[in-house]
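Here's the structure we're looking at; comments come further down.
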Amino acid sequence: MKIHGKPLIGPGGAVLPLSAAVETDGLVFVSGQLALVDGRVEGDITAQTERTFDAISAILESVGMGLDNVVKATVWLTDPGDFNAFNSVYAKRLSAPFPARSCVVSQLVLPNARVEIEVVASRQPRRK
């Protein structure tokens, strides 16, 4: 098993007890990402979804992968009314054939956070 990424800092400056990503057997498990900018989450669902995918992309790029390597996504939305706008960004950032996906409505830990996304990526891309 290989740990990827630097220590993650949470609200208040505390180091969080988790890894940005963990790799084992050709799979990279990326921890849930939020649209964090300078320790805060701001913006509507479209802006937050874009920033969240930017964070996921940065982690994947750091291990020589990209969004084409994503095979599974788990999504948390705080408002079911955000689903269509979220889905529009999702379909733009992850093209067909789409990864497997779960999407639930739940409260998130950080104030103003509207979306959290975690992914599993494979060294073998979905598209060839």
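Fair warning: this is a prediction, and the values are worked out from it, not measured in the lab. One-based numbering along the sequence shown.
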ILVMFWY cluster, Val75 and Val105 together (side-chain gap under 4.5 Å): no

Test item: Gln33 side-chain N/O and Thr52 main-chain N/O as donor-acceptor pair under 3.5 Å: no

Spacing of CD belonging to Glu61 relative to CG belonging to Asn69, to within rounding of 0.5 Å: 10.5 Å

Partner set under side chain to side chain contact (heavy atoms under 4.5 Å, CB included) for Ser62, not counting sequence neighbours: none

Check: Ser19 main-chain N/O paired with Ser31 side-chain donor or acceptor under 3.5 Å: yes

From Glu23 atom CD to Met65 atom CE, the distance as rounded to the nearest 0.5 Å: 6.5 Å

Partners meeting side chain to side chain contact (heavy atoms under 4.5 Å, CB included) with Arg40 (sequence neighbours left out): Glu42

From Arg114 atom CZ to Asp44 atom CG, the distance as rounded to the nearest 0.5 Å: 7.5 Å

Student check: side-chain heavy atoms of Ser88 and Thr46 closer than 4.5 Å: no

Residue list, side chain to side chain contact (heavy atoms under 4.5 Å, CB included) with Leu36, at least two apart or on another chain: Leu34, Val41, Leu110

Close side-chain approach of Phe53 to Leu94, heavy-atom, < 4.5 Å: yes

Arg93 to Ser57 - nearest heavy-atom pair and separation: NH2-OG, 3.8 Å

His4 vs Ile59 side-chain heavy atoms within contact, under 4.5 Å: no

Close side-chain approach of Phe86 to Ile117, heavy-atom, < 4.5 Å: yes

Flag if over 12 foreign heavy atoms under 6.0 Å of CG, Asp25: no

Inter-residue atom distance Thr24.OG1 - Phe29.CZ, 0.5 Å rounding: 7.0 Å

Nearest-0.5 Å distance, CD of residue Glu116 to OG of residue Ser106: 9.0 Å

Test item: Thr78 and Trp76 side chains (from C-beta on) under 4.5 Å apart, heavy atoms: no

Side chain to side chain, Arg123 and Val63, heavy atoms closer than 4.5 Å: yes

For Arg51 against Ala35, the heavy-atom pair lying closest together: CB-CB, 3.6 Å

Spacing of OH belonging to Tyr90 relative to CZ belonging to Arg101, to within rounding of 0.5 Å: 5.0 Å

